[in-house]
Every structure is written in structure tokens, then in C-alpha cells.
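One structure below.
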Amino acid sequence: MKQIDLSQFKVTSRIELSKAKTRIDLEASEDEIKDKMKEVRKDLGDWQDTLYAFGKYAVLICLQGMDTAGKDSLIREVFKDFNSRGVVVHSFKVPSEKELKHDFLWRHYIALPERGKFGVFNRTHYENVLVTRVHPEYLLNENLPGIDKVEDVDENFWKQRFENIREFEDHIADNGMIIFKFFLHLSKEEQRQRLLRRLDKPSKNWKFSPGDLKERKLWGEYQKCYQEAINKTSTNKAPWYIIPADDKDTARHLVATILFEELTKYKEVKEPELDPAIKKNIAEYREQLKQEKN
């Protein structure tokens, strides 16, 4: 398999999405990529066990992408070897009536993983500067002071939201949250093919909604909003990674490998030392158990 410089996917300066790749060639067969993926996800699962024992960090993984980008299947494959109690996935839908009575970050804050665990946000707090920016009329549901009509939503409003997001991520990072943000970068043609497959396969029909076609017509608007969101919020504490997503196996492999390589840089994350008094008497404890009768 071709060696890939993973740093190329990390956003460290201003990017143009139109110039970012949606497909790369790993020079490997599908089976080879899947086998390598199995190795990495096993290593990730082992690292999570150590993280849980260490107990001072949590990991937040944010996944964004256009419809059909492969977020659900990526979650299924990357975290397959985790202890089920070690990873919690939240799929954020349209805000509920209760959620709309709070600020836009509230429902995300209360869903953050506790120390020792991984949390995956399938769609994230960034929907509040993506969907609502393409459809500003949705903001009226938030009942915000000073926002009584769409015309009240100006550039200063979005500037404040980006600042709120950066402050939110800085705050949780300062308190032990390791943050990864992945944009699954799909081409418009690949999305068309995936939507067609949903229609062609009866078992996949349930995934299709006519609304998918309406949103597809706004592709350019979404790309513009994603580009601005990524450029304004990729920081050292909470970096964005743009992952070529036209090939699902490659995207999963890249995400898993980036996670493992970055997380293993935290050299202090180790299993705690056993209490000396307990360690001293391990042989005795073992003998006691051996002497027990069934």
C-alpha cells in the first residue's frame, strides 16, 4: 500500500474546497485496504481501553459531509473493535422543542463524552452555520432576541456564531477533550451515483427522501458554507481534516489512521501503576484463588 502523508488532509491554512481531492489512490486492492483498516481499528480499540484506565482525557470526533458521504458506515467500521461502553455516538437531527429553548450549543455540550471515552457526533454543532445558513428561515424557530425575520440575520450574526464555536471548542479542549473534525469530501457526481443506488436497490429505498434532491440543488451554497466554516474554525486545538470520500474504504482507512497516529502522540496516556501493596501480594492473591474449591 502506498505511503500517504496524512498531514496533507489537515487544514492549517486557508483552503478552497473546489481544489481539494475527493478521491485518492492508495495503490492497493479493496481487500488490502480493508485488512489494513482492521489492524488500525484493533489498535484504536486497545488505545481506548488504556484511555479509560488513564481517565484524564476524552476524545470527540465530529463528522460532517453532504448526504450520502458515508458517515454512518464509517462509524460502524472504524469503531467496530471498541468496547461498546467506550464510545457513544450521537446523531443530531432537527432540534426538538426542548432543545430550541436553549442556546444552539446546549444539546451538543450535554452530549460530550466523559473522560476515558470517545464521543462521535454524526452531524454536529456545525449544522448551526451550515443548514441554517443555507436556510436562514430555520433560525426563526430559535426565537432569538433581535431575530424576528430573515432580514435580521446579517454577517455579524454569523461572525458571532463562529466565535461561539471556537470558544466552545477551546473551552472543552482546555479541559481534556481531544478534538478531531472530519469533513467527508464527496464529489457531486459520486453523490448522484449513491442516490441512484438507493433508488435502484429496494433494500435501500428507505434511505431516500425527495428532500435529498432539493438539497442537492443547493450544492454550491453548501460547499461555500462548508469552506467558510472550515476556514474560520480549524485551530490547533480543534483541527479540521478534509477526507476524500468518493471511495468509502479509503475514507474509513484514512480517518482511522489519522486518529491512531495523532492519539498515540499523547505519550502520557498509560495504564495506571498498580498500588505497590497490591503488587507485592499478587502471588498470595493468586494462590488464594487457586486454593478455592469449585
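Quick note: numbers below take in every heavy atom, side chains included, and nothing from hydrogens, waters or symmetry partners. What you see is a predicted model, and the numbers here were worked out from it, not measured in a lab.
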query = Is the ring centre of H171 less than 6.0 Å from the ring centre of F168?
reply = no
query = Of all heavy-atom pairs between I33 and D249, which one has the smallest distance, and what is that distance?
reply = CG2-O, 3.7 Å
remark   = Shortest non-hydrogen pair, A58 vs P113, comes out as CB-O, 3.7 Å
key: Side-chain heavy-atom pair F104, N164 within 4.5 angstrom cut-off   = yes
ask   = So, R166 and E163, do they make that salt bridge, N to O below 4.0 Å?
value = no
inquiry  = Between L100 and W106, is the side-chain contact (heavy atoms from CB on, under 4.5 Å) condition met? List the steps.
reply    = CA-CA 9 Å; L100 287 170; W106 177 79; over 6 Å; no
task = State whether the side chain of E99 and the backbone N or O of S96 hold a donor-acceptor pair below 3.5 Å, judged by distance alone.
result = yes
task = State whether the number of non-hydrogen atoms from other residues, nucleotides or ligands found under 6.0 Å of D200 atom CG is greater than 12.
result = yes
request  = Determine, for K42 against D81, whether the closest basic-nitrogen to carboxylate-oxygen distance falls under 4.0 angstrom.
outcome  = no
ask   = CD of E189: more than 12 outside heavy atoms within 6.0 angstrom?
value = yes
Distance-only side-chain donor-acceptor flag, E268 / Y57, under 3.5 Å = yes
message = Determine whether R41 and V78 satisfy the following criterion, side-chain contact (heavy atoms from CB on, under 4.5 Å), listing intermediate values before the conclusion.
response = CA-CA 6 Å; R41 76 184 183 203; V78 171; 5.5 Å; no
task = Go through R161 and E167 one step at a time and tell me if the salt bridge (Lys or Arg N to Asp or Glu O under 4.0 Å) criterion holds.
result = CA-CA 10 Å; R161 284 228 156 165; E167 290 174 345; over 6 Å; no
inquiry  = I need the minimum non-hydrogen distance between D67 and R123, along with the two atoms involved.
reply    = OD1-NH2, 2.6 Å
inquiry  = Check for me, please, whether I165 and L63 land in the same ILVMFWY cluster - side-chain distances under 4.5 Å, paths through other members count.
reply    = no
inquiry  = Between H90 (side chain only) and G119 (backbone N and O only), is there a donor and an acceptor less than 3.5 Å apart?
reply    = no
inquiry  = Ring-plane angle category for Y138 and H135, please: parallel below 30°, perpendicular beyond 60°, tilted otherwise.
reply    = parallel
query = If you take all heavy atoms of I243 and F182, which pair is closest and at what distance?
reply = CG1-CD2, 3.8 Å
request  = Could you tell me the separation between the CD atom of E261 and the OG1 atom of T257, rounded to the nearest 0.5 Å?
outcome  = 6.5 Å
task = Compute whether any side-chain donor of one residue and acceptor of the other, for N83 and D49, lie under 3.5 angstrom apart.
result = no
task = Decide side-chain contact (heavy atoms from CB on, under 4.5 Å) for M66 and Q191; before the verdict, give the C-alpha distance in whole Å, the side-chain angles of both, and the deciding distance to 0.1 Å.
result = CA-CA 8 Å; M66 297 292 287; Q191 188 198 55; 4.0 Å; yes
Aromatic ring proximity Y126/W240, centre distance under 6.0 Å = yes
ask   = Centres of the F183 and Y241 rings: under 6.0 Å?
value = no
query = Is there a donor-acceptor contact under 3.5 Å from the side chain of T132 to the main chain of N128?
reply = yes
ask   = Does any donor atom in the side chain of E292 or Q288 lie under 3.5 Å from an acceptor atom in the other side chain?
value = no
remark   = The salt bridge (Lys or Arg N to Asp or Glu O under 4.0 Å) partners of K280 (sequence neighbours excluded) come to none
query = Between W47 and L263, what is the shortest heavy-atom contact and its length?
reply = CZ2-O, 3.3 Å
inquiry  = With a 4.0 Å cut-off on N to O distance, would you call K237 and D174 a salt bridge?
reply    = yes
remark   = From the list R192, R194, Q193, side chain to side chain donor-acceptor pair (under 3.5 Å) partner of E190 resolves to R194
request  = May I ask you to decide if F180's main-chain N or O and E262's side chain share a donor-acceptor pair within less than 3.5 Å?
outcome  = no
query = Between the main-chain N or O of T264 and the side-chain N or O of K267, is there a donor-acceptor pair closer than 3.5 Å?
reply = yes
message = Under 4.5 Å between side-chain heavy atoms, counting indirect links through other Ile/Leu/Val/Met/Phe/Trp/Tyr residues: same cluster for L60 and L259 or not?
response = no
query = Hey, are S73 and R252 close enough side-chain-wise for a donor-acceptor pair under 3.5 Å?
reply = yes
request  = Any chance you could measure L218, atom CG, to C225, atom SG, to the nearest 0.5 Å?
outcome  = 10.0 Å
Option among D25, I24, V255 that satisfies the side-chain contact (heavy atoms from CB on, under 4.5 Å) test with T250 = I24
ask   = What's the spacing between R216 CZ and T68 OG1 if we round to 0.5 Å?
value = 8.5 Å
request  = Say whether, by atom type as modelled, one donor and one acceptor occur between the side chain of D154 and the main chain of F157 under 3.5 angstrom.
outcome  = yes
task = Inspect the contact between K290 and E287 and indicate whether a charged nitrogen and a carboxylate oxygen are less than 4.0 angstrom apart.
result = no
key: Gap between atom CG of L6 and atom CD1 of I4 - 0.5 Å precision   = 7.5 Å
ask   = Do K117 and E114 have side chains that get closer than 4.5 Å, going by heavy atoms?
value = yes
task = If you link ILVMFWY side chains whenever their heavy atoms are less than 4.5 Å apart, which other residues fall into the same cluster as L199? By chain and number, please.
result = L195, F208, L213
key: ILVMFWY cluster, W158 and L130 together (side-chain gap under 4.5 Å)   = yes
query = Any luck finding a side-chain donor-acceptor pair between D31 and S29 under 3.5 Å?
reply = no
request  = Measure from the side-chain N and O atoms of N231 to the backbone N and O of E228, and report whether any donor-acceptor pair falls under 3.5 Å.
outcome  = no
message = Name the residue from H125, H185, E127 that meets the side chain to side chain donor-acceptor pair (under 3.5 Å) definition with Q64.
response = E127
inquiry  = Using side-chain heavy atoms (C-beta onward) and a distance below 4.5 Å, is F79 in contact with I75?
reply    = yes
task = To the nearest 0.5 Å, tell me how far L196 CG sits from K201 NZ.
result = 12.0 Å
query = Are more than 12 heavy atoms from other residues, nucleotides or ligands located less than 6.0 Å from atom NZ of K80?
reply = yes
ask   = What is the distance from atom OG1 of T235 to atom NZ of K181, rounded to the nearest 0.5 Å?
value = 5.0 Å
inquiry  = Please tell me whether I258 and I242 are part of a single hydrophobic cluster in this structure, the criterion being side-chain heavy atoms less than 4.5 Å apart.
reply    = no
request  = May I ask you to decide if D43's main-chain N or O and D46's side chain share a donor-acceptor pair within less than 3.5 Å?
outcome  = no
query = Got a salt bridge between K36 and E39, using NZ or NE/NH1/NH2 to carboxylate O under 4.0 Å?
reply = yes
inquiry  = Tell me if the CD atom of Q3 is crowded by more than 12 foreign heavy atoms within 6.0 Å.
reply    = no
inquiry  = What I'd like to find out is whether the side chain of H253 reaches to under 4.5 Å of the side chain of L26, using heavy atoms alone.
reply    = yes
ask   = Counting only N and O atoms by type, is there a donor-acceptor contact under 3.5 Å from the side chain of R107 to the main-chain atoms of F92?
value = no
ask   = In this structure, are over 12 heavy atoms from other groups packed under 6.0 Å from K101 atom NZ?
value = no
message = Is it the case that over 12 heavy atoms from other parts of the model lie below 6.0 angstrom from the OH atom of Y52?
response = no
task = Specify the closest pair of heavy atoms between T233 and F162, including all atoms of both residues, with the distance to one decimal.
result = CG2-CD2, 4.0 Å
inquiry  = Let me check something: do V11 and I179 share a hydrophobic cluster, defined by ILVMFWY side-chain heavy atoms less than 4.5 Å apart, either directly or through other members?
reply    = yes
query = Short question: side chain of D246, backbone of S187 - any donor-acceptor pair under 3.5 Å?
reply = yes
